[in-house]
There are 2 protein chains.
Amino acid sequence: MITGLTGNAGHGSRINLVRKRPSSIDVARLAEVSQATVSYVLSNRTDKVISEVTRSKVLAAAEKLSYMPNRLADGILRGKTLTVGVLMPDFGHSFNSKILIGLESEFADAGYSILIAHNRNEPELERHQVRMLMEHRVAGIIAVGDEATIAELPAWVEQAIKLDVDVCVVDDSSLDGIVDTVVSDDIAGANLAVGHLISQGHERIAFLGGSELTTTSRDRRIGYEQALQRHGIDVDPALQLGHHYRTDVDPDLSPLIVGPHRATAVFGVSDGLVGQAMMRLESEGIYRRDILAFVGYGNLEFSRYLWLTTIEQHPIEMGRRAASRMIARLSGKVSDPVTDRVPPELVVRRSSFPAKEF
Amino acid sequence: MITGLTGNAGHGSRINLVRKRPSSIDVARLAEVSQATVSYVLSNRTDKVISEVTRSKVLAAAEKLSYMPNRLADGILRGKTLTVGVLMPDFGHSFNSKILIGLESEFADAGYSILIAHNRNEPELERHQVRMLMEHRVAGIIAVGDEATIAELPAWVEQAIKLDVDVCVVDDSSLDGIVDTVVSDDIAGANLAVGHLISQGHERIAFLGGSELTTTSRDRRIGYEQALQRHGIDVDPALQLGHHYRTDVDPDLSPLIVGPHRATAVFGVSDGLVGQAMMRLESEGIYRRDILAFVGYGNLEFSRYLWLTTIEQHPIEMGRRAASRMIARLSGKVSDPVTDRVPPELVVRRSSFPAKEF
DNA sequence: ATGAAAGCGCTAACAA
DNA sequence: TTGTTAGCGCTTTCAT
């Protein structure tokens, strides 16, 4: 089982069977200084004055041994590490992956590492994962919003705060005011989308909605209604379709084309839903992208292949903001919990052509 | 700066300003046993016999204090942690995210945590990240293949092995035979794709290629040529297009439709490239998806919206296999480095219709 | 069946 | 300017 049996040159009385990595003691011995001096030099402390000779002796010794400090020791001393935990529902969704990109880049630049925890939408697993993060002594936890585990949040967040672990929630505003929160402004986004359709001359605009378990779909419906009302257009309940916020549902839009409730445009709460609906129309032979205008939400990768006008939420930026807020807190800046609503942006493509009557 | 100033009930001589988490010593005191006993109980050791009374006393005390073991201490003792590092070029690509999903699920089940390191395609950063992982005393490193940093691999891999850190490379076979490797079988995949087109009656099949910096694009070209030759079809260099393996390139396929080098089908080395090409045709008004058949590669999210026939690489499975191989190694199973070629799968959609002459 | 003590790698306080 | 010492939270001999 033991492969490299090199009893490392006598500094311990017992023979070590596993290769031990050089410690700061080894560096100290080689440089002929004390362990404390090594620590002073290697952490470039400005408050300690070190002579140039010792400094270079230490540096040379560290180099020779290819010494790498053990972050665990540091963490044990300080009670916490330079590590943050990221609790993810599902990085299969590019929206979440992009949040992660933003988080990572900010944290990496600030010297923090990221421990990931994937809850797979299972509340049970989430509790496990949070515990794991705590045992790792992470300095903070970033929680990415998710329908399934949203109910678990309050319980562990309270505990985390009690244990001096900072928390920031991204893409969910249910803990708004209690912890730092970064969300996309869904009401504004829906206003952009529907306002755009109205400016194109559309008045019969259908709404393709989803589950309102999270605030996402609800807020987008609110924005939809706001935009209509702002332009003096009545909200017609017959034009509100869809019940689930899942891409595996097949919303049937044919009534909008042939039925008594004709529409000239559709605003959907997610690109997935809209894409699905377009596919269905196309599949049924009533491929009429030229008579029904579409605006989706989320600017997913596939949307440009459908020439789909949509709303960009800037998830990378959301991640960045969440990270930098946490970094601020971790570096001692205290403030009341802040909620940051990232403004979305309209991305115009061919699917939102002007109404024919125009 | 210090918020919760609770000098925790006298067990230290100095007043602690920051709230300290309960340690195993605290549990021991409360349970009126020794620290060692606490350790025995909480790690459920089978080799130590503990009376039922002490066991429950300890458990109760731990519960009361909501004690959470400090993994750092454990790690410092054992020289390594129950953590593995994952080195990613870019989790903006869903292929990579999916690998991560597979990795995570296997590792989580085995009790390992994941520390992520994003090299952003920068070799310089990669060195930094590897160092960071080493300092964290990860037990192993999973490297996900990438053109830009591929050249860095040998250097740090050698060092890692020397430091007793296991390595497994996913989606790159350049270290084939030196470390465990998990890749997708690109030659087989291209054979599937082109074989399918041939079985549909196509003979004039164009190849849309990419940069051959990694083996990916080259292997897919080899598979393309193999399939043609296997069916007695000559390889026509005039039908090989494209130079870059990037989705921001606009391959012009119009010569295949109108020029002297007509083709009836196209096999592209990535769905992105093919999607781009289809978009361009559509954009130029020569939207003739019905006269040119397409097969892509990768089965990206958007592909189904283009009804694109493609090759599924099973990235989640690739991640799973990489993780379980590493777990095996970490639990002491030794063997020579293994290369695992995950078989790809053909996904047939409308874009690969039969040749008209058929 | 349990405990005392040493020690992992490091930094902070205090001495020299 | 540098060194000595203690101690972070834990597991592991070795005693009892």
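Every heavy atom of this structure was used, including side-chain atoms; hydrogens, water molecules and symmetry mates were not. Computed from a predicted structure; not experimentally measured. Quick note on labels: first sequence line is chain A, next is B, and so on, each numbered from 1.
Side-chain proximity of B:Tyr40 to the nucleotides D:dT4, C:dC10, D:dT12 is greatest for D:dT12. Listed nucleotides: D:dT4, D:dC10, C:dT11. Nearest to the side chain of B:Pro69: D:dC10. Residue B:Thr37 has its side chain nearest to C:dT2 when only C:dT2, C:dA4, C:dC10 are considered.
Regarding contacts with the backbone of D:dG9, a side-chain N or O of B:Lys20 is found under 4.0 angstrom from either OP1 or OP2. Close to C:dC10, at under 4.0 Å from its OP1 or OP2, lies no side-chain N or O of A:Ser39. Residue A:Lys48 places none of its side-chain N or O atoms closer than 4.0 Å to OP1 or OP2 of C:dA12. The phosphate of D:dG9 (OP1 or OP2) has no side-chain N or O of B:Ser24 nearer than 4.0 angstrom. Residue B:Arg45 has a polar side-chain atom (N or O) positioned under 4.0 Å from OP1 or OP2 of D:dT12. The side chain of A:Ser51 places an N or O atom within less than 4.0 Å of a non-bridging phosphate oxygen (OP1 or OP2) of D:dT2.
One interatomic measurement links the two molecules: CG of B:Leu72 to P of D:dT11, which rounds to 12 Å at whole-angstrom precision. At whole-Å resolution of the value, CG in B:Asn70 and C1' in C:dC8 are 13 Å apart. Whole-Å rounding puts the B:Lys80 NZ to C:dC8 C1' distance at 15 Å. The interatomic distance linking B:Leu77 (CG) with D:dC8 (P) rounds to 15 Å, in whole Å. Summarising the geometry, the separation between CD1 on B:Ile25 and C1' on C:dG7 is reported as 14 Å, rounded to the nearest angstrom. With rounding to whole Å, B:Gln35 atom CD is found 14 Å from C:dA6 atom P. In this structure, the NZ atom of B:Lys57 is 10 Å from the C1' atom of C:dT2, given to the nearest Å. Between B:Arg21 atom CZ and D:dG9 atom C1' there is a gap of 12 Å when expressed in whole angstrom units.
The main-chain N or O of B:His118 is found under 3.5 Å from a side-chain atom of B:Gln129 such that the two form a donor-acceptor pair. Checked by atom type and distance alone, the side chain of B:Asn96 pairs as donor or acceptor with a backbone atom of B:Asp90 at under 3.5 Å.
If you check every strand for non-hydrogen atoms under 4.0 Å, B:Val33 touches sugar and phosphate atoms only. Within the nucleic acid shown, B:Ile76 comes within 4.0 Å of at least one base atom, counting heavy atoms only. Nucleic acid contact for B:Ile50: sugar-phosphate only, since backbone atoms but no base atoms lie under 4.0 Å from a heavy atom of the residue. Looking at heavy-atom distances under 4.0 Å, B:Thr54 makes contact with sugar-phosphate atoms alone, never a base.
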CA sep, side-chain torsions, deciding dist, call: A:Ser113, B:His136, side chain to side chain donor-acceptor pair (under 3.5 Å): CA-CA 9 Å; A:Ser113 306; B:His136 272 288; 3.0 Å; yes

Just do the salt bridge (Lys or Arg N to Asp or Glu O under 4.0 Å) check on B:Asp109 and A:Arg120 with the steps written out, would you? CA-CA 12 Å; B:Asp109 290 351; A:Arg120 302 177 216 170; 3.5 Å; yes

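Rounding to the nearest 0.5 Å gives a distance of 8.5 Å between CG of A:Leu87 and CE of A:Met132.
Evaluation of atom-type donor-acceptor distances gives no pair under 3.5 Å for the side chain of B:Tyr67 against the base of D:dG9.
Position along DNA chain C of the nearest nucleotide to B:Ala73 versus B:Val53 favours B:Val53 as the more 5'-ward residue. Across the interface with DNA chain C, nearest-nucleotide mapping of B:Arg137 and B:Glu32 shows B:Glu32 to be the residue nearer the 5′ end. DNA chain D is contacted by both A:Ala36 and B:Val38; A:Ala36 maps to the nucleotide lying nearer its 5′ end (nearest heavy atom per residue).
Side-chain atoms of A:Thr181 and A:Asp176 include no donor-acceptor pair closer than 3.5 Å.
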